[in-house]
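Here is the structure we will look at, set down as structure tokens.
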Amino acid sequence: MSEFNVSVKTRGVKLGYRWIAKESTVCAPMQADLEGSKFYALCIRKKEQRYHGALHIYMPENRDRLGGFIRLEIAIEDLSETQARALSIAYLKLPISGDIRIWKEAQETYAPESDGFCTVDIPKLQKIIDEAIKANEPCLSNRKPEYKLHMQEAHTNKGGMKEKAIEHLRQYSLTSGDGIKIFLNDQIKIDEADLLLQHDNLGAEKDSVQEIKLQPQKPSDPKDPIAEKPKICALGLKK
């Protein structure tokens, strides 16, 4: 199994959100940025030559005492560049039901407890994430990006721009500096992101695509293993 670390913040029926076992301090700010996002809820950040990911998975079969969907706030530390891109592709490929992204295997690691909180099988969740990454990582090219891609979906085009986002992630490596690299969400705009994809559920009537020209990029970090050519790959996720 790959050497990245997985932490989870979630809640039970009666007790509110808290970290299971260990808090991810490096991912906590990214989790806060994703608050309120359901349809797209993923952030990738680079810090000191490593990549860290945050994503939310809602569970329609598990609800709190007020009837709200319980979510897994998954934090993934110490990814390589290609792992970060492959994780984002795997997330974008997840099937959708309404405004909820379904990842059945990940959702099944959650179990409610009689005290009103819950347990999460984190080793099993890490294995599921690892398999999804490995299924998508061989597809990646190492082309240097020429532009940042910022997109906003209209409320009538739910998921309509995800294929463009997936293709961008397959073709282009991420820029070399620290900061947020990939941000998928339901409204917040982060200008520094290499790839920004928002779903405007508040009423935008037209899609928006912006290609922001980049300055020439420094050579890639030799520690980042990147496949030379894109390949056909499997989905890597089970419905």
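All of these numbers come straight from a predicted model, not from anything done at the bench.
Salt-bridge check for Glu73 with Arg71: passed, with a basic side-chain N closer than 4.0 Å to an acidic carboxylate O. The pair Arg45-Asp178 does not count as a salt bridge, with every side-chain nitrogen at least 4.0 angstrom from each carboxylate oxygen.
Ring orientation note: the planes of Tyr172 and His168 are tilted relative to one another, at an angle of 30° to 60°. Using cut-offs of 30° and 60° for the angle between ring planes, the Tyr40 and His199 rings count as perpendicular.
Not one N or O on the side chain of Asn185 forms a donor-acceptor pair closer than 3.5 Å with the backbone of Gln198. A side-chain donor-acceptor contact under 3.5 Å links Gln31 to the backbone of Ile74. Side chain of Arg18 to main chain of Lys9: no donor-acceptor pair is present (N/O by atom type, distance under 3.5 Å, no hydrogens or angles). A donor-acceptor contact shorter than 3.5 Å is absent between the side chain of Gln126 and the backbone of Pro123. Under a 3.5 Å cut-off, the side chain of Ser208 and the backbone N or O of Gln152 do not form any donor-acceptor pair. Distance alone, capped at 3.5 Å, is enough to place a donor-acceptor pair between the His52 side chain and the Asp78 backbone. Judged purely by atom type and a 3.5 angstrom limit, Ser24 uses its side chain to pair as donor or acceptor with the backbone of Cys27. The main-chain N or O of Glu105 is never found under 3.5 Å from a side-chain atom of Thr109 such that the two would form a donor-acceptor pair. In this structure, Glu146 contributes its side chain and Leu214 its backbone to no donor-acceptor pair below 3.5 Å. Of the possible polar contacts, none joining the Glu77 side chain to the Asn5 backbone as a donor-acceptor pair under 3.5 Å is found.
Here His56 contributes atom NE2 and Ser37 contributes atom OG; the two are 8.0 Å apart, rounded to the nearest 0.5 Å. Distance check, rounded to the nearest 0.5 Å: CG of Leu42 to CD1 of Ile182 gives 7.0 Å. Here the CD atom belonging to Glu113 is positioned 11.0 Å from the CG atom belonging to Leu15, to the nearest 0.5 angstrom. With rounding to the nearest 0.5 Å, the separation of CG in Leu125 from CD in Gln107 is 11.0 Å. From Leu34, atom CG reaches atom SG of Cys43 across 6.0 Å, with rounding to the nearest 0.5 Å.
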Might you work through the salt bridge (charged side-chain N to carboxylate O under 4.0 Å, His left out) test for Asp191 and Lys148, ending with a clear yes or no? CA-CA 9 Å; Asp191 291 334; Lys148 296 180 180 181; over 6 Å; no
Side chain to side chain contact (heavy atoms under 4.5 Å, CB included) between Leu149 and Glu211, intermediate numbers included: CA-CA 5 Å; Leu149 182 61; Glu211 296 182 0; 4.1 Å; yes
Would you please test Glu137 and Thr82 for side chain to side chain donor-acceptor pair (under 3.5 Å) and show each step? CA-CA 6 Å; Glu137 201 171 10; Thr82 53; 2.5 Å; yes
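Both Val209 and Ile166 sit in one connected hydrophobic cluster of ILVMFWY residues. Membership requires side-chain heavy atoms under 4.5 Å apart, directly or through other members. The cluster map of Ile, Leu, Val, Met, Phe, Trp and Tyr, joined by side-chain heavy atoms under 4.5 Å apart, puts Leu92 and Leu94 in the same cluster. Taken together through direct or relayed side-chain contacts under 4.5 Å among Ile, Leu, Val, Met, Phe, Trp and Tyr, Ile128 and Tyr110 form part of one hydrophobic cluster.
A donor and an acceptor atom, one from each side chain of Thr175 and Lys181, are located under 3.5 Å apart.
Seen from the ring of Tyr147, Lys213 does not count as a face-on cation partner, given the 6.0 Å and 45° thresholds. Geometric assessment of Arg101 against the ring of Phe39 yields a positive cation-pi assignment under the 6.0 Å and 45° thresholds.
Around NZ of Lys14, the count of heavy atoms belonging to other residues, nucleotides or ligands within 6.0 Å does not exceed 12.
Evaluated for a salt bridge (charged side-chain N to carboxylate O under 4.0 Å, His left out) with Lys158, the options Asp200, Asp207, Asp99 yield exactly one hit, Asp99.
The shortest side-chain heavy-atom distance between Tyr58 and Leu72 does not fall under the 4.5 Å cut-off.
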